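Contents: one structure, followed by commentary.
Everything quoted here is computed from the prediction, not taken from an experiment. No hydrogens, no waters, no symmetry mates; every other heavy atom, side chains included, goes into these values. Numbers here are sequence positions counted from 1.
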Amino acid sequence: MNEKKLMKVLSYLMTVLITAFCVSIFVESRVEKELAKPPVPTNKLTQLYQLIQQNFADDVDTKAMGDAGAEAMVNSLGNRWSYYIPAEEYAAHVEAAKNEYVGVGITIHEDEEHKELEIIDVVPGSSADQAGIQVKDILLEVEGKSCAELGRSGTAELVRGKEGTKVTLVVSRDGEKKEFTLKRMKVDVPVVNYQILDSGYGLVTIKNFQNKAFKETNEAVEALLKQNAKGIIFDVRFNPGGAKSELVSILDYLLPEGEVFRSETHDVRITVDESDEDCVKIPMAVLVNGDSYSAAEYFAAALQEYEWAVVVGEKTTGKGYYQQTFKLNDGSGVNLSTGKYYTPSGLHLEGIGITPDVPVELNEEMKGNLLAGLLSPEQDPQIQAAISALDSRNHLD
């Protein structure tokens, strides 16, 4: 073999060896990458589902199994704001965001200690209101079924129904049973209540930041300004939060020019919402407590950080994630935390909450009366503390 042919053979062999080496590295790298991937939970769940279907000794309730599995999967995230919504509760979940629903116009609270369902709110003009159902009535039965056995969600589901149909409720009032047959109707839930206090300050109670919150807050503030209110006290105690769009619109209306809200998606895209220069220049206070969540906290935080209002009451919950609701194929859904949000100064409130400028605690009896709407402004230490704080500010100004 001459030298020229020998060089060609050696070159060919070298090319083969290098190619084989590169392929082996690629395959090894790909295998390592595949091994590094976490197991796909669907495979395990499908396998387990098939095993149960094929081998379990008794009948299988596939719906209950699916609900339990979905709930467990969401719970495994360790995020207290994410939760599974069974199909039978999905419509009510969507309705709640609109501040309207078909029902009789009552809000019930489950007393875990006494295992009772207490009526804590009756919507004015609703069928429950017209029939004479009262706050603090204990709901015992719906359509002959025990509310204690149904639980809060089961009871709420049975009370609601098709518009125009009737439902029979049994309540206990001061130990006496009373039966009511009520017509289900569309209930338009008021979001904001307002009044002028004897002190001359306006009190604006915002129940949530869902649909209509901005419109009704705007109308309340404008009405109080026309009545020459000395200042405004916003009450967001027991407010569970709501929609970012409603919150930002209210802050834009109240605050001067500047950043009012910052949000960050799961893929780290940041959105900044700002207020224009138009604002409401009047002394303000915000009432908060341990059940002020989400948008309610950020409302108080923004007014506090702008030094636009004094915050009075108790430390808030500390919620720093926002959620989106996704509907699943079977009609159920999941409310999933998909991002974080921050105060105007960039503070993430998760697990921290808002610390009031003027801390004032309510005892358990007062909290119960406040939740039921039975604590008058004159009897409310937090409202009175807000009035004193505003009086002091006005005096200093």
Taking C-beta and beyond as the side chain, do E314 and L362 meet within less than 4.5 Å on heavy atoms?
yes
Side chain to side chain contact (heavy atoms under 4.5 Å, CB included), that's the test. Do S332 and Y90 meet it? Break it down for me.
CA-CA 6 Å; S332 62; Y90 187 83; over 6 Å; no
Please assess C147 against V142 for the test side chain to side chain contact (heavy atoms under 4.5 Å, CB included), listing each intermediate value before the final yes or no.
CA-CA 7 Å; C147 295; V142 179; 3.8 Å; yes
I want to check something: taking the side chain as every heavy atom from C-beta on, are D121 and K207 in contact at a cut-off of under 4.5 Å?
yes
Please, which pairs that meet salt bridge (charged side-chain N to carboxylate O under 4.0 Å, His left out) have at least one residue in residues 128-155, sequence neighbours excluded?
D137-R173
Give every residue pair that meets the salt bridge (charged side-chain N to carboxylate O under 4.0 Å, His left out) criterion with at least one member in residues 240-250, sequence neighbours excluded.
K244-D273
Joint cluster assignment, L158 & I108, ILVMFWY side-chain distance < 4.5 Å
yes
With D174, which residues qualify under side-chain hydrogen bond (donor to acceptor under 3.5 Å, both in side chains), at least two apart?
none
Please say yes or no: joined through hydrophobic side-chain contacts below 4.5 Å, possibly via intermediate residues, are M65 and L48 part of one cluster?
yes
Using distance alone, with no hydrogens and no angle criterion, decide if N193 and T205 have a side-chain donor and acceptor under 3.5 Å apart.
no
Begin with the C-alpha distance, continue with both residues' side-chain angles, and end with the deciding distance and a verdict on side chain to side chain donor-acceptor pair (under 3.5 Å) for Q323 and S337.
CA-CA 4 Å; Q323 290 72 42; S337 291; 2.9 Å; yes
Salt bridge (charged side-chain N to carboxylate O under 4.0 Å, His left out) partners of residues 212-223, not counting sequence neighbours, each pair once
D188-K212, K215-E219
Nearest-0.5 Å distance that lies between atom OG1 in T168 and atom NZ in K166:
9.0 Å
Neighbour count >12 (heavy atoms, 6.0 Å) for atom CD, E365:
no
Hydrophobic clusters here meaning ILVMFWY residues chained together by side-chain heavy-atom distances under 4.5 Å, can you tell me if L287 and I354 are in one?
no
Residues 341-386 vs ring-ring contact (aromatic ring centres under 6.0 Å, His included), sequence neighbours excluded, gives F261-Y341, Y298-Y341, Y321-H348, Y342-H348
Among the clusters formed by ILVMFWY side chains lying less than 4.5 Å apart, do L77 and L328 turn up in the same one?
yes
Using modelled atom types only, decide if a donor and an acceptor are shared between the side chain of R269 and the backbone of S263 within a distance under 3.5 Å.
no
Just so I know, are the side chains of T107 and I119 near enough to count as touching, which here means a heavy-atom distance under 4.5 Å?
no
Side-chain (T317) to main-chain (G290) donor-acceptor, under 3.5 angstrom
yes
Scan residues 166-224 for pairs that pass ring-ring contact (aromatic ring centres under 6.0 Å, His included), counting only residues two or more places apart or in two chains.
F209-F299
N/O donor-acceptor pairs under 3.5 Å from side chains in residues 229-239, not counting sequence neighbours:
residue, atom, partner, partner atom, Å
K230, NZ, S199, O, 3.1
D235, OD1, R237, N, 3.0
D235, OD1, R237, NE, 2.9
D235, OD2, R237, NE, 3.4
D235, OD2, R237, NH2, 2.9
R237, NH1, D380, OD1, 3.2
R237, NH1, D380, OD2, 3.0
R237, NH1, Q382, OE1, 2.7
R237, NH2, D380, OD2, 2.8
N239, OD1, G241, N, 2.8
N239, ND2, I206, O, 2.7

Tell me every residue that passes side-chain contact (heavy atoms from CB on, under 4.5 Å) with Q379, counting only those two or more places apart in sequence or in another chain.
L375, S376
Looking at residues at least two apart in the chain, or sitting in another chain, which of them share a side-chain hydrogen bond (donor to acceptor under 3.5 Å, both in side chains) with Q324?
T338
Backbone of K319 reached by a side-chain donor or acceptor of S294 within 3.5 Å
no
Rounded to the nearest 0.5 Å, how far does CG of L255 lie from CD1 of I250?
11.0 Å
Check whether T316 reaches the backbone of G353 with its side chain - one donor and one acceptor, N or O, closer than 3.5 Å.
no
Check whether any side-chain heavy atom of P377 sits under 4.5 Å from a side-chain heavy atom of Q195, and report yes or no.
yes
R160 vs E89, salt bridge (Lys or Arg N to Asp or Glu O under 4.0 Å): CA-CA, chis, key distance, verdict:
CA-CA 11 Å; R160 296 183 180 188; E89 297 177 19; over 6 Å; no
Rounded at 0.5 Å granularity, tell me how far CG in L117 sits from NE2 in H109.
9.5 Å
Mind checking whether V204 and V192 have side chains closer than 4.5 Å, heavy atoms only?
yes
Hey, are the side chains of E277 and P256 touching, using non-hydrogen atoms and a 4.5 Å cut-off?
no
Can you check whether Q384's main-chain N or O pairs, donor with acceptor, with S388's side chain at less than 3.5 Å?
yes
With sequence neighbours left out, which residue pairs that include part of residues 281-304 fulfil the salt bridge (charged side-chain N to carboxylate O under 4.0 Å, His left out) condition?
none
Report, one line per pair, each donor and acceptor closer than 3.5 Å where one atom sits in a side chain of residues 302-310; sequence neighbours left out.
residue, atom, partner, partner atom, Å
Q304, NE2, T355, O, 3.2
Q304, NE2, D357, OD1, 3.2
Q304, NE2, D357, OD2, 3.4
E305, OE1, T343, OG1, 3.3
E305, OE1, S345, N, 2.8
E305, OE1, S345, OG, 3.1
E305, OE2, T343, OG1, 2.9
E305, OE2, S345, OG, 2.8
Y306, OH, E259, N, 3.2
Y306, OH, E259, O, 2.6
W308, NE1, L254, O, 3.1
W308, NE1, V280, O, 3.1

Kindly determine whether V288 and V286 satisfy side chain to side chain contact (heavy atoms under 4.5 Å, CB included), including the steps that lead there.
CA-CA 6 Å; V288 296; V286 185; 4.1 Å; yes
With a 4.0 Å cut-off on N to O distance, would you call K63 and E88 a salt bridge?
yes
Taking side chain as C-beta onward, heavy atoms only, is K183 less than 4.5 Å from Q130?
no
Pairing residues for E163 by the side-chain contact (heavy atoms from CB on, under 4.5 Å) criterion, not counting sequence neighbours
V102, K186
Donor-acceptor check, side chain of T46 to backbone of N43, threshold 3.5 angstrom: yes or no?
no
Are L251 and L225 in one and the same hydrophobic cluster, where Ile, Leu, Val, Met, Phe, Trp and Tyr link if side-chain heavy atoms are under 4.5 Å apart?
yes
Evaluate side chain to side chain contact (heavy atoms under 4.5 Å, CB included) for L182 paired with L169, printing each intermediate quantity in order.
CA-CA 8 Å; L182 308 172; L169 311 182; 3.7 Å; yes
Less than 4.5 Å apart, any side-chain heavy atom of V312 and any of V360?
yes
Can a donor-acceptor pair be found, under 3.5 Å and without considering hydrogens, that links the side chain of T155 to the backbone of L150?
no
